[in-house]
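Please read the structure below before turning to the comments.
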Amino acid sequence: MAPSAVSPELAHRVPVLANKKVEGSNNGNGVQASKQEGLTKDVESMLGNWSNFTFAPIRESQVSRAMTRRYFADLDAYAESDIVIIGAGSCGLSAAYTLGKLRPDLRIAIVEAGVSPGGGAWLGGQLFSAMVMRKPADAFLDEVGVPYEDEGHFVVVKHAALFTSTVLSKVLQMPNIKLFNATAVEDLITRRDAGTGDVRIAGVVTNWTLVSMHHDDQSCMDPNTINAPMIISTTGHDGPFGAFSVKRLVSMKQLEQLGGMRGLDMQTAEDAIVKNTREIVPGLVVGGMELSEVDGANRMGPTFGAMALSGVKAAEEVLKVFDL
Ligand code: 48N
């Protein structure tokens, strides 16, 4: 019989609880232990049988070739991409997920400066773990399959890493998307229209992030490139490379100046970021918190619905070009 869910003294004080039984055991901190699902047969067979355990034989060069062959084949394939997403934070990953679902025929490269993608979405606010998303962003959580607690006008994902790891896992499994992490975009490829003289962004200039951070103390570490007709820049507003693309547009005189992110106002910030996610200059769509830097939008602080839905909108803006 399932053990009682409440202690004898509580059952004495609240008799109705005495008969409340739960499946599985209550592990004492009020958390109901899920039914034991068990391990797969192969893993279970390893338990207690380590004395004769051994891995299949290998030569180090096989590992090296397995990694390098695939990595350089990807660099070769994605040297010509349909779309490049700069920044694998919550906005960039949501854009990648949306594009991967809507257009599995397009080749999409995600370039992420950090070794670990995810940007600021591994934690909620002030390093707390729960992540808040205001409705209707719960629709994106349902789309991706992230569970949450419903609090009325907003929902709470029990750990921000649950959202980020779920979206990341879905994106990485999409055959038309490749993540190049530990790789920084350190410039933009430009083309000038012969007729109008307008500049169009036509790809990105990349380098290993650690190399990008040492151009001041090492010269001539030239970059690599990825050509692509459309770029989505979601490089955020902080960190060593924050707001990279919009700052570069100013320095190459394609933007007059940055609006500069305004103070925190959740009520207005999230609507503005989602609604104004757009193509800033031909070939470059900006979304997420990078947009607050260019538009002078308010920041929203520890609520992430605008990041997810700005990613969805950025995908839609880019597809306007491909669906022509
Ligand atoms: O998480 P972020 O910084 O950016 P978003 O826009 O995806 O999400 C922003 C969000 O985390 C917030 O800031 C929340 C909502 N707070 C708001 C507030 O008011 O404080 O991700 C950007 C990613 C990072 O992973 C960077 O490493 C990466 O972009 N990145 C780059 N990757 C490649 N090349 C670059 N030049 C580059 N610059 C940034």
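Remember, it's 1-based here, ligands and their atoms both numbered in the order they're listed. For this chain, numbers begin at 1 and follow the sequence in order.
Of the candidates G305, G87, S90, it is G87 that places a heavy atom closest to atom 29 (O) of ligand 1. Around atom 12 (C) of ligand 1, the closest heavy atom drawn from E186, M266, E270, M289 belongs to M289. Of the listed residues (V185, V84, L123), the one carrying the non-hydrogen atom nearest atom 35 (C) of ligand 1 is V185. With G120, G301, A306 as candidates, the residue nearest to atom 16 (N) of ligand 1 on a non-hydrogen basis is G301.
The part of F244 lying near ligand 1 is the side chain, judged by heavy-atom distances below 4.0 Å. When heavy-atom distances to ligand 1 are checked against a 4.0 Å cut-off, T234 comes that close only through its backbone atoms N, CA, C and O. In M307, the part holding a heavy atom less than 4.0 Å from any atom of ligand 1 is the side chain. Contact annotation: for T183 versus ligand 1, heavy atoms closer than 4.0 Å belong to the backbone alone.
The shortest separation from a heavy atom of L93 to ligand 1 is not under 4.0 Å, leaving the residue out of contact. Heavy-atom distances between V111 and ligand 1 reach below 4.0 Å in at least one pair. Heavy-atom separations between T303 and ligand 1 include at least one value shorter than 4.0 Å.
Short contacts between ligand 1 and G119, defined as distances under 4.0 Å to a heavy atom of the residue, involve ligand atoms 1 (O), 21 (O), 24 (C), 25 (O). Close contacts of ligand 1 with A113, meaning ligand atoms under 4.0 Å from a residue heavy atom, involve 31 (C), 32 (N), 33 (C). Within ligand 1, the atoms closer than 4.0 Å to a non-hydrogen atom of G236 are 3 (O), 4 (O), 6 (O), 22 (C), numbered from 1 in the order shown. Using a 4.0 Å cut-off to heavy atoms of H237, the atoms of ligand 1 that qualify are 13 (O), 18 (C), 20 (O). Near M300, meaning under 4.0 Å from any of its heavy atoms, are these atoms of ligand 1: 15 (C), 17 (C), 19 (O).
Looking at E270 and R134, a side-chain N of the basic residue comes within less than 4.0 Å of a carboxylate O on the acidic one, giving a salt bridge. Classification of K313 and E317 as a salt-bridged pair holds, one side-chain N sitting under 4.0 Å from a carboxylate O.
No more than 12 heavy-atom neighbours from other residues, nucleotides or ligands sit within 6.0 angstrom of NZ on K101. In Q62, the CD atom is crowded: over 12 heavy atoms of neighbouring residues, nucleotides or ligands sit closer than 6.0 Å.
With 3.5 Å as the limit, one finds no donor-acceptor pair spanning the side chains of S245 and R248.
Judged purely by atom type and a 3.5 angstrom limit, T183 has no side-chain atom pairing as donor or acceptor with the backbone of W208.
Considering only residues two or more places apart in sequence or on other chains, D265 meets the side chain to side chain donor-acceptor pair (under 3.5 Å) condition with T268.
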